[in-house]
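Contents: one structure, followed by commentary.
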Number of protein chains: 4
Amino acid sequence: MPRTPRQDRARATVDAIVEAGFIALSQRGPAATTTRHIAEIAGVGVGSLYEYFENKEAIFNVMSQRFIKDTVAMIKPLTPTLVRMPIDAAIRTLLNEFKDFLEMNDGRYLKCVRHAMAVDFELHLDPLFQVLNEVIMRYLMSHPETLQIRRIPAMAYIGINGGIFAVIRHLSDPDPMISFDELADGLAAMIGHYITQELKEREALAASET
Amino acid sequence: MPRTPRQDRARATVDAIVEAGFIALSQRGPAATTTRHIAEIAGVGVGSLYEYFENKEAIFNVMSQRFIKDTVAMIKPLTPTLVRMPIDAAIRTLLNEFKDFLEMNDGRYLKCVRHAMAVDFELHLDPLFQVLNEVIMRYLMSHPETLQIRRIPAMAYIGINGGIFAVIRHLSDPDPMISFDELADGLAAMIGHYITQELKEREALAASET
Amino acid sequence: MPRTPRQDRARATVDAIVEAGFIALSQRGPAATTTRHIAEIAGVGVGSLYEYFENKEAIFNVMSQRFIKDTVAMIKPLTPTLVRMPIDAAIRTLLNEFKDFLEMNDGRYLKCVRHAMAVDFELHLDPLFQVLNEVIMRYLMSHPETLQIRRIPAMAYIGINGGIFAVIRHLSDPDPMISFDELADGLAAMIGHYITQELKEREALAASET
Amino acid sequence: MPRTPRQDRARATVDAIVEAGFIALSQRGPAATTTRHIAEIAGVGVGSLYEYFENKEAIFNVMSQRFIKDTVAMIKPLTPTLVRMPIDAAIRTLLNEFKDFLEMNDGRYLKCVRHAMAVDFELHLDPLFQVLNEVIMRYLMSHPETLQIRRIPAMAYIGINGGIFAVIRHLSDPDPMISFDELADGLAAMIGHYITQELKEREALAASET
DNA sequence: GATGAATGAGCTTTCATTCAT
DNA sequence: TATGAATGAAAGCTCATTCAT
């Protein structure tokens, strides 16, 4: 049974407002993004903003949640493919998908994410970390030998945080010292080498114990 | 039109304003930091702000420059010590010094740095990247065998950006999954393993070529 | 960003603001006329001023234009009557109408015009000079013999500027040495005598040439 | 006995401040003329302004008085010469002297006088009107036949006010329709014709009475 | 429900004036 | 006496929010 037109229209308006929020934020930054701008871009009256959102901050909150939701939705379906790849290819694939995702719509998300902290995006980061941790866990379980390596939590933490930030910074850098491929290759090599080296050390240890 | 301070009293006022800027920024964030707050914390009249700064943004600019200057001043003298250490110890030492630096004055700098992008800290980041690159280069030259490893620029980029961000995020995280020591150990191990593995591969390659 | 009024209510607000501008300007002068005063007198919030005007100066500009428009609207319909009168009666009539116009609404316009230069009234004076020049030209054409007199442009310039200023100064003077009727009579006689004398000289010249 | 150096210096400082006031006012207009500017141009500290003047307005008052004093000092010595000239030559001479006076020092006085009303110059105009009235009276007494003409007070009022304003407006007009000579000639002719015509009418009247 | 005119608290900034030096 | 750093009241202006239509 379809929803009543009333609800559909309301949902469309909310979507238009959130979309407009992203456009305004990416175009003018958080300080210059006014409710008037958002309403104008959304094609609704300022009053309508307050029909659907408690206040301006609530719009940013929903934007934040939607950004994270979209990111998770981008990553989740990749998991089965990623876990079957060699680690370096998996990392490169994930980074490239992330890059494309951030650069969609003239880099709207990329521009927004740079201002994220100014509008408390951080509050809704959890699902993103969860899905990335899940990818990592599924990967490790698909490659049981890697379960023996040390410092898995720390590596996940560093890989996720360092990786996300390095990519965002690189994409935002008008004149980066290295190419994106070099960055992705570097991250892949770093993780790859860590695993290789750990496995070797485990092996050597096992051999000496025997 | 702001004038350059010529008297001692004037210089003290300028310092008080910049200091107040850090306190206000760390307490309330950039959007809620008003000229009145800064003046109040500095213990001066609002008018005095404009005796020495073109406008509010100019205060943030000077703060940004001072933060970077202080960071560089913290790192630079460590260089001789760091380059003589094993890589993992060097990294752990640097990260711990960075942590202490950020947590000085009740974490004033840490709280400010989270809002960095909102106040164009990026514009003045260069000296920091330069000094960190210099540390890396000096380290590599003190350990000539490491000069053979591949992807040095990418590793420097990843190490600096990923490292800085991972530390900041960890210190800002009210409930981190890992301890700071685990984080530092992880970063050290990751870089350390990368170098070890690279050296081994070089060796193997050299052996096979003979 | 000021918007163009689309609703009736909006138009009424704009009018109230301009009206309040005249009242405030006449009461306190340009330096002491603040946006808050204007808003208060208009019975609207300060914010409303900026819904319809770019800034404070824009209000003064519109006031200036409206003043000139009103003056022109007062003079234009008089033209047919004036051109049929003897010159001295025409001048006296025009001056008296101008006096009444300036003294309307407790002399609001008179008080404003004294501060004219401080708010760039001059920028919009052209239409006033045009209509006065047209009156003069129509008068001369209705009295073809006067077309022979010399120095018509200079006389127009002097008559218009000197006349306007003499009237304004007289009306503003708390203790003038002469009555307004004496002033009007004097201006009428001066212009009248000039024309008479010129015509006589032309006549004498024509006679001597025969 | 010479004044003490102390008093001399004080007088020089006062002069420098008033001079600076004229320069600032002519350069930037009344709204943009700050005490800081005046002090800077005068080469003294802001504090010194308040050693010699109650407040900013007092500076403008003294400026106003000095302007009028200078104008009077320019006109007074001309009187003996003027009264011996034919009326039109006298008027042209006076207007040209006035023009030169206003255009001295890159038009400093001219630029100031346009802002006069914004700073209450008008308050001190009396001596100027007195001296101009005296010139007129002396002229009339030097030409006793003119004492018979009617409307002398009105003509003086119109001539003085209309004349001053017409000259100031003309000199300020970037693109005047007539030349200054034409303006001066026009004013001279207008007054000249008035007198001529009046004398003729008196004569005719006298003849008819006989 | 949708609108946008209206609001006013509160922002940044200026500048005449003061007063310790 | 002369200074200029310091002041703070008050200016122009913005914009999230409200509410009559």
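Hydrogens, waters and symmetry mates are skipped; everything else that's a heavy atom, side chains included, is used. We name chains A, B, ... by the order of the sequence lines, and we start the count at 1 in each one.
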Expressed as a whole number of angstroms, how long is the span from [X]:[atom1] to [N]:[atom2]?
X: I38(C); N: dC13(F); atom1: CD1; atom2: C1'; result: 13 Å
X: E54(B); N: dT12(E); atom1: CD; atom2: P; result: 15 Å
X: R36(D); N: dA5(F); atom1: CZ; atom2: C1'; result: 9 Å
X: L49(D); N: dA2(F); atom1: CG; atom2: P; result: 12 Å
X: N55(B); N: dT12(E); atom1: CG; atom2: C1'; result: 9 Å
X: D15(C); N: dA6(E); atom1: CG; atom2: C1'; result: 17 Å
X: F53(A); N: dA2(E); atom1: CZ; atom2: C1'; result: 15 Å
X: R11(B); N: dG4(F); atom1: CZ; atom2: P; result: 18 Å

Quiz item: About how many Å separate CD1 of I68(B) and CG of L128(B), when rounded to the nearest 0.5 Å?
Solution: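 Here the rounded value is 5.0 Å.
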Note: [X]-[Y] ion pair, threshold 4.0 Å (strictly below):
X: E40(B); Y: R28(B); result: no
X: R66(D); Y: E19(D); result: no
X: R36(A); Y: E51(C); result: yes

Quiz item: Just to confirm, is there a sub-4.0 Å distance from OP1 or OP2 of dC15(E) to any side-chain nitrogen or oxygen of T34(D)?
Solution: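 No.
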Practice problem: Over all heavy atoms of both residues, which pair between A32(A) and H37(A) is shortest? Give the atoms and the distance, please. | Solution: O-ND1, 3.3 Å
With the side chain of [X] defined as its heavy atoms from C-beta on, choose the nearest nucleotide among [options].
X: K56(C); options: dG4(E), dA5(F), dG12(F); result: dG12(F)
X: Y52(D); options: dA2(F), dT7(E), dC11(E); result: dA2(F)
X: S48(A); options: dG4(F), dC15(F), dT3(E); result: dT3(E)
X: E51(A); options: dA2(E), dA16(F), dA16(E); result: dA2(E)
X: T13(C); options: dA6(E), dT12(E), dA16(F); result: dA6(E)
X: V44(A); options: dC13(F), dT3(E), dT7(E); result: dT3(E)
X: Y50(C); options: dT14(E), dA16(F), dC13(F); result: dC13(F)

Quiz item: Toward the 5' end of DNA chain F, which comes first, T33(C) or G47(C), by nearest nucleotide?
Solution: T33(C)
Quiz item: Where each residue is assigned the nucleotide of DNA chain E containing its nearest heavy atom, which of H37(B) and V46(C) is assigned the position nearer the 5′ end?
Solution: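 Here V46(C) is the residue nearer the 5' end.
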